[in-house]
Student: 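This is the structure I have questions about; it appears just below.
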Protein chains: 2
Amino acid sequence: MKAEDNGRPRSRRLPREVRERQILDAAVEVFAARGFHNASMDEISEVAGVSKPMLYAYLGAKDELFIACVRRESTLLIETIGGAAESDLPPVEQLWRALRVFFEYVQRNRAGWTVLHRQTNSQGEPNVAELVEWRERAMVLIAELLARATDGSAQPMQPQQTEPFAAALAGAGEALADWWVDNPEHTADGLAMRLMNMVWMGFGDLVEGRTWTPAE
Amino acid sequence: MKAEDNGRPRSRRLPREVRERQILDAAVEVFAARGFHNASMDEISEVAGVSKPMLYAYLGAKDELFIACVRRESTLLIETIGGAAESDLPPVEQLWRALRVFFEYVQRNRAGWTVLHRQTNSQGEPNVAELVEWRERAMVLIAELLARATDGSAQPMQPQQTEPFAAALAGAGEALADWWVDNPEHTADGLAMRLMNMVWMGFGDLVEGRTWTPAE
DNA sequence: TCCATTACCTACTCGCGAGTAAGACTACGT
DNA sequence: ACGTAGTCTTACTCGCGAGTAGGTAATGGA
């Protein structure tokens, strides 16, 4: 009478594809909670409900596993934002949509976002290449969005203008997403609108009572 | 003929006070380059030009050493910004000065800034308390600055308005400081002015050619 | 029914790095 | 000259966690 002593009765003999997803899910969760270095393969395997050698067999060593997480999450996020921005709406509207889906993504996928955000900013890990690349793609996306927003306006912006602006905008968005954790009473839309107001109107306008509101 | 085999001839028998500074300097440097977890006490001791037990004797265990670094750097930064903002200049001008000294601090003290910034955002380390506290103080400082800037204007802002704005502003500043690393041709003043323009004017204004410039 | 393949596990090795034991050297006061 | 307080070192221990060796058991095709 050995039986399942304790814990969940480890679902057994699942096809590789399913296990890989479970492992990735667990890895994202643990990496988000502990950071790359403090996350142990043992804990990930435990959360995944699978033994450690499986991780190595399916996803490779620790940094490969981490990279797989980053790849999956960043692809999802970038495609989400890219999709929202690709339309023939006026550029301001595109920006508004992009911000909205960003905060919605963060809400639905806090762990994934944490991995992308918290780990990207903490260098010294062996992960550099993939993380740098995802950030790069995100920046290009945002910069394009901004550039389009100025096309045909009085002062079309040059890349050397939009680039730092894109960086600052991304930073503001990330900071707001962090702030959200401690102020969960706000909605994704509310956050997006706040940020839109800051970006589009600026403090000088807001103080004078000029605000931005989405078109109906 | 033992002699100094190699490397610098380790200055010997210095007073404690001096050694502590050397150790802190080395620690900040290494923590910035590698991150908390990847920094080894061995490397710090080597950079400091001192043997490992000295670190433990003078500054305590690894996390205590780290906390000492954070304390020193955050105090310096916050007092610098606080000092620049404390004046009876018009609020806009105060903000402008605060941004300027911030970027100047980052320029002069890249390693210290990296420790404060990169490590604060990467949780899972045992450092939480001190890092949370420093960020808290920084936020309060910025929020006050913003609140003052709206006093007596048409739409004085409530704390629940300034708080997320402060978070976003800080995030934008941090992101811009990061961006600076890859674009070192810019000056601290230039960066501060860019950010001031984003914060005060907003994209909508900039596109129309309305910009902010410092008063002479 | 038997073999091959694929899923999966227990139980290790082994290096790296935090932290320490135990003492050595120097300077200064008396 | 000699103790004592403070500086500083070499040379360890020891646990944690990455990665693996070597096997078991279920499934599906012949």
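Here the structure is a predicted model, which means the values were calculated and not measured. Every chain is numbered from 1 and lettered A, B, ... according to where its sequence line falls, protein lines coming before strand lines.
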Student: Give the rounded distance in Å between these two atoms: CD of A:Glu43 and P of D:dG17.
Tutor: 10 Å
Student: A:Glu17 CD to C:dT6 P: how many Å, rounded?
Tutor: 15 Å
Student: Grab the CZ-P distance between B:Arg16 and C:dA27 for me, whole Å please.
Tutor: 20 Å
Student: Any side-chain N or O of A:Arg19 below 4.0 angstrom from OP1/OP2 of C:dC8?
Tutor: yes
Student: Can you measure A:Leu14 atom CG to D:dA25 atom P for me and round it to whole angstrom units?
Tutor: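 It works out to 19 Å between those atoms.
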Student: Establish, yes or no, whether the cationic atom of B:Lys62 lies under 6.0 Å from the six-membered ring centre of B:Phe31 and within 45° of the ring axis.
Tutor: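 Ring-cation test returns no.
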Student: Which value, rounded to the nearest 0.5 Å, describes the distance between B:Met139 atom CE and A:Asp182 atom CG?
Tutor: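 Rounded to the nearest 0.5 Å, the CE-CG separation comes out at 10.5 Å.
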Student: Measure distances between side-chain N and O atoms of B:Arg13 and base N and O atoms of C:dC25, and say whether any donor-acceptor pair falls under 3.5 Å.
Tutor: yes
Student: Can you tell me how the ring of B:His37 sits relative to the ring of A:His37, calling it parallel under 30°, perpendicular over 60° and tilted otherwise?
Tutor: parallel
Student: Establish, from distance only, whether the side-chain atoms of B:Trp179 and A:Glu163 form a donor-acceptor pair under 3.5 Å.
Tutor: yes
Student: If you round to the nearest 0.5 Å, how far is CG of A:Leu77 from CZ of A:Phe102?
Tutor: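 One gets 7.0 Å once the value is rounded to the nearest 0.5 Å.
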Student: List every contact pair, protein side and nucleotides 18-22 of chain C side both N or O, where the distance is under 3.5 Å.
Tutor:
residue : atom : partner : partner atom : Å
C:dA18  : OP1  : B:Ala39 : O            : 3.1
C:dA18  : OP1  : B:Lys62 : NZ           : 3.0
C:dA18  : OP2  : B:Met41 : N            : 2.7
C:dG19  : OP2  : B:Tyr56 : OH           : 3.4
C:dG19  : OP2  : B:Lys62 : N            : 3.0
C:dG19  : N7   : B:Lys52 : NZ           : 2.8
C:dG19  : O6   : B:Lys52 : NZ           : 2.7

